[in-house]
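First the proteins, then the strands, lettered A, B, ... as listed; each starts at 1. Because only heavy atoms are used, hydrogens play no part in the values below, and waters and symmetry mates are left out as well, while side chains stay in.
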Amino acid sequence: MKNTETSDFKYIGNILLNWYKKNARDLPFRQTKDPYKIWICEIVFQQTRINQGLNHYNNFIKRFPDVKTLAEAAEDEVLLHWKGLGYYSRAINIHKAAKQIMADYHGSFPSEYGEILKLKGVGKYTAAAVSSICFNGKMPAVDGNFYRVLSRFFADGFDISNSKAFSYFSELAALILPEKVGDFNQAMMDLGSEICKPKNPLCGECPLHENCLAFSLQKMSSFPVKTKKVKAENLQLTYYFVHRNGQFLIQQRKDDFIWKKLFEFLPEISVELEPFVRNAKTINHKLTHKNLSIEIFDVDVTSASVWKALIGTKKYIISDFENFHEKSFPKPLENYIQNSLKD
DNA sequence: AAGCCGGGGAG
DNA sequence: CTCCCAGGCTT
């Protein structure tokens with residue numbers, strides 16, 4: 001930030017606000033300032049594209065229209081409404097935060113940035129977004145869009161994979177921050193999503209292109225700089241799909257590692273069940289940090305007495321083909337159940 | 001400060 | 001195939 005300190009860039013923020021008035025996306029959470037809804041939408045769309053999360057957001061708000069309803073719901077049902085979205089700690093934390101708001105704020109959503117920041121699953125970005133959009137807060141909601149737009153505008157090569165990137169780009173954002181911070185934050189999101197896209201940005205339609213340094217240098221694809229590459233490691237999982245007469249056995253995962261608190265098939269079976277093992281199927285599934293190879297053994301328990309004894313232990317949860325969608329399974333397991341239905 | 005957590009769509 | 005998305009938590 002060498003050559004930017006002496007210049008006044010406030011007009012940039014106002015250009016963005018004017019652009020936003022005419023080009024704001026028509027999204028369901030744009031028609032409200034209810035901090036509950038804005039909070040939910042901010043969590044849903046963390047690391048998630050609008051088109052991917054829109055149905056989840058709408059279904060979530062329909063089932064849990066306010067903090068109290070969410071706080072009083074069972075965790076499994078919150079997870080169910082998060083099914084397929086990924087990053088499941090968000091669902092667990094969103095439920096804990098709702099309880100927090102009931103206990104610590106009498107069910108009234110906190111209005112101060114510092115208080116919002118105390119909620120589980122709420123970091124500096126989300127606290128800034130909610131406080132600015134709903135309570136006239138003045139903090140920039142620095143996210144991936146800010147990184148991209150600002151690094152291009154200033155042709156700034158600061159590495160966004162550096163852990164100091166957030167504070168660095170917060171200072172850059174402060175240079176152009178107008179009075180109406182809430183609209184400004186949303187304007188940056190829309191510009192980054194619709195115009196200043198990661199690849200093939202639409203600079204001809206950008207309200208900032210006359211002053212954008214990356215554009216003047218025709219180096220848009222050089223920004224932002226990101227040095228750290230994510231590498232996925234291989235991981236083998238084994239499951240036994242133990243079933244009889246349209247019912248099958250599942251258990252719930254812990255809240256560590258992948259797929260926190262989602263349901264899964266049995267990772268192992270006792271020797272009495274081994275005679276019923278039929279065939280195995282291997283599913284390859286890619287996560288951001290893992291390449292999964294999931295081997296699933298089909299175990300058709302053809303003996304009524306063995307099945308009855310199995311159920312009697314009460315160690316497992318019984319699910320069935322009729323309503324398996326009432327529990328939250330990892331995507332590859334849900335697909336496996338779906339395919340089993342066709343057989 | 002670095003590593004980890006999903007799933008999907010774009011190119 | 002690679003990249004990255006309205007990030008945050010844990011260690």
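- In 5' to 3' order, the nucleotides of DNA chain B bounding all contacts with chain A (an atom under 4.0 Å from a heavy atom) are B/dA1 to B/dG11.
- The side-chain contact (heavy atoms from CB on, under 4.5 Å) test with A/Trp39 is passed by exactly one of A/Ile116, A/Ile94, A/Val44, A/Ile133: A/Ile94.
- Comparing the same atom, P, in B/dG6 and in C/dT11 gives a spacing of 15 Å after rounding to whole Å.
- Taking atom P on both nucleotides, C/dA6 is separated from B/dG3 by 24 Å, rounded to a whole Å.
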Where along nucleotides 2-11 of chain C does protein come under 4.0 Å, by heavy atom, of base (B) or sugar-phosphate alone (S), with - for untouched nucleotides? --BBBBSS--

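- Atom name C1', nucleotides B/dG9 and C/dG8: the rounded distance is 23 Å, in whole Å.
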Please test A/Asn23 against A/Glu205 for side-chain hydrogen bond (donor to acceptor under 3.5 Å, both in side chains), starting from the C-alpha separation and ending with a verdict. CA-CA 11 Å; A/Asn23 298 283; A/Glu205 302 174 31; over 6 Å; no

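- Sequence order on DNA chain B of the closest nucleotides to A/Trp259 and A/Lys197 puts A/Trp259 first from the 5' end.
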For A/Tyr168 and A/Asp156: C-alpha separation, side-chain torsions, deciding distance, then whether side-chain hydrogen bond (donor to acceptor under 3.5 Å, both in side chains) applies. CA-CA 11 Å; A/Tyr168 182 85; A/Asp156 193 315; 2.5 Å; yes

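- A side-chain contact (heavy atoms from CB on, under 4.5 Å) with A/Phe265 is found for one member of A/Val299, A/Ile294, A/Ile250 and no other, namely A/Ile250.
- If A/Ser161 and A/Leu287 are placed on DNA chain B by their nearest nucleotide, the residue sitting closer to the 5' end is A/Ser161.
- A heavy-atom distance below 4.5 Å is found between the side chains of A/Val242 and A/Val301.
- Between the side chain of A/Thr313 and the backbone N or O of A/Leu310 there is at least one donor-acceptor pair closer than 3.5 Å.
- Within 6.0 Å of atom CD in A/Gln218, more than 12 heavy atoms from other residues, nucleotides or ligands are found, so the atom counts as buried in its surroundings.
- By the 6.0 Å contact criterion, CD on A/Gln236 is enclosed, its count of non-hydrogen atoms from other residues, nucleotides or ligands being greater than 12.
- Here A/His56 lies out of heavy-atom contact (under 4.0 Å) with every strand.
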